[in-house]
Amino acid sequence: MKYSTRLSDAVHLLLFVQLNPGQPLSSDAIAKSICTNPSYVRQMMAKLKAAGLLNSSRGQAKPSLSRAAEEISLLDVYRAVEGDKPLLHLDTHTNPDCGVGVHIQYALQTYFDRVQRETEASMQQITLQDVLDTYHQEISHVG
């Protein structure tokens with residue numbers, strides 16, 4: 001099963017920018033940190049910029065957060081890169097002749113919707129600054 005790492009990559013990108021203020025940060029440099037390709041980073045940056053989370057100018061490698069880290073929630077970042085895509089997905093390939101296969105999906109949807117609402121409410125309370133603070137705590141234990 002393939003799963004999306006866009007949220008994780010977007011948070012990584014934003015915090016990489018935050019931790020390197022004023023530094024030249026090309027899509028190549030950011031891509032090396034995330035272990036991906038520069039094209040993916042440019043696409044991600046375009047989404048973050050369109051969502052009002054990142055400032056960047058074409059041809060200049062000096063991106064910055066458009067708001068303070070404590071004003072950007074994980075939900076803001078999630079919506080920027082995933083849109084309205086739900087966290088959990090029903091299996092739409094069940095046998096239509098199987099009563100369980102058809103009806104279990106409807107039963108699950110109710111719970112998946114609840115999980116989505118609760119998760120989004122939680123993500124709204126977690127900011128990039130919270131993640132950055134935890135990051136600093138983690139690296140202080142390594143050193």
Side-chain angles (χ1 to χ4, degrees), residues 1-96 100-143:
M1 176 170 75
K2 187 163 173 75
Y3 54 90
S4 174
T5 60
R6 283 189 285 273
L7 175 60
S8 176
D9 293 342
V11 169
H12 182 147
L13 186 158
L14 291 168
L15 292 181
F16 191 77
V17 166
Q18 181 71 5
L19 289 166
N20 294 282
Q23 298 295 319
L25 296 176
S26 66
S27 55
D28 287 332
I30 297 169
K32 285 179 185 168
S33 179
I34 299 175
C35 289
T36 190
N37 65 65
S39 174
Y40 174 75
V41 169
R42 287 188 293 275
Q43 291 172 3
M44 186 77 59
M45 290 177 79
K47 288 181 179 189
L48 294 168
K49 184 176 179 180
L53 304 178
L54 188 69
N55 295 320
S56 66
S57 299
R58 189 171 181 85
Q60 294 187 14
K62 297 227 181 200
S64 63
L65 299 185
S66 62
R67 302 189 307 239
E70 59 269 6
E71 295 175 6
I72 300 174
S73 73
L74 282 185
L75 184 58
D76 295 332
V77 180
Y78 178 79
R79 286 190 175 145
V81 297
E82 296 287 5
D84 292 330
K85 182 193 262 186
L87 295 164
L88 303 173
H89 305 276
L90 295 174
D91 182 357
T92 59
H93 302 292
T94 58
N95 181 348
V100 173
V102 170
H103 297 291
I104 196 70
Q105 301 305 317
Y106 292 117
L108 273 174
Q109 187 65 59
T110 300
Y111 296 104
F112 283 11
D113 290 345
R114 184 171 76 195
V115 167
Q116 185 78 31
R117 286 189 308 273
E118 291 171 358
T119 301
E120 286 185 6
S122 183
M123 290 172 76
Q124 184 64 44
Q125 300 304 312
I126 302 167
T127 67
L128 285 183
Q129 188 61 53
D130 295 327
V131 177
L132 190 57
D133 292 345
T134 302
Y135 163 83
H136 284 301
Q137 289 172 357
E138 291 295 322
I139 64 169
S140 72
H141 290 109
V142 175

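All values reported here derive from a predicted model rather than from experimental measurement.
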Checklist entry - So which heavy atom on Ala31 is nearest to which on Pro38, and how close? => result CB-N, 3.6 Å

Checklist entry - Taking atom CG of Leu54 and atom CD of Gln18, what is their separation to the nearest 0.5 Å? => result 11.0 Å

Checklist entry - Of the non-hydrogen atoms in Leu13 and Met44, which two are nearest, and what is the gap between them? => result CD1-CG, 3.9 Å

Next on the checklist: Could you check whether any side-chain heavy atom of Ile30 comes within less than 4.5 Å of a side-chain heavy atom of Met45, counting everything from C-beta outward?
Outcome noted: yes

Checklist entry - So do His136 and Leu19 actually touch side chain to side chain, heavy atoms under 4.5 Å? => result yes

Solution key, residues 121-128 side-chain donor-acceptor pairs under 3.5 Å, sequence neighbours excluded:
unit_1 : atom_1 : unit_2 : atom_2 : d
Thr127 : OG1    : Gln129 : N      : 3.3
Thr127 : OG1    : Asp130 : N      : 3.1
Thr127 : OG1    : Asp130 : OD2    : 3.3

Let me check something: any side-chain donor-acceptor pairs from residues 62-69 under 3.5 Å, sequence neighbours excluded? List them with distances.
unit_1 : atom_1 : unit_2 : atom_2 : d
Lys62  : NZ     : Gly22  : O      : 3.0
Ser66  : OG     : Gly52  : O      : 2.2
Ser66  : OG     : Leu53  : N      : 3.4
Ser66  : OG     : Leu53  : O      : 3.3
Arg67  : NE     : Glu71  : O      : 3.4
Arg67  : NH2    : Glu71  : O      : 3.3
Arg67  : NH2    : Asp76  : OD2    : 3.1

Next on the checklist: Within this structure, what is the NE2-OG1 distance for the pair His103 and Thr94, rounded to the nearest 0.5 Å?
Outcome noted: 10.0 Å

Checklist entry - Within a strict 4.5 Å, meaning less than it, do heavy atoms of the Leu88 and Tyr111 side chains meet? => result no

Checklist entry - Between Gln109 and Asp113, is a side-chain hydrogen bond (donor to acceptor under 3.5 Å, both in side chains) present by the stated rule, with each step listed? => result CA-CA 6 Å; Gln109 187 65 59; Asp113 290 345; 2.6 Å; yes

Next on the checklist: Once rounded to the nearest 0.5 Å, what's the spacing between atom CG of Leu14 and atom CG of Asp9?
Outcome noted: 11.0 Å

Checklist entry - Which residue pairs pass the salt bridge (Lys or Arg N to Asp or Glu O under 4.0 Å) test when at least one of the two sits in residues 78-92, sequence neighbours left out? => result Arg6-Glu82, Arg79-Glu120, Glu82-Lys85

Item to check | Test log, rule side chain to side chain contact (heavy atoms under 4.5 Å, CB included), inputs Leu90 and Phe112 | outcome: CA-CA 9 Å; Leu90 295 174; Phe112 283 11; 3.6 Å; yes

Next on the checklist: Just verifying a value: how many Å separate Arg42 CZ and Ser56 OG, rounded to the nearest 0.5 Å?
Outcome noted: 12.0 Å

Item to check | Asp133 CG to Gln137 CD distance, which is reported to the nearest 0.5 Å | outcome: 7.0 Å

Next on the checklist: With rounding to the nearest 0.5 angstrom, report the CG to CD1 distance, Leu132 to Ile72.
Outcome noted: 11.5 Å

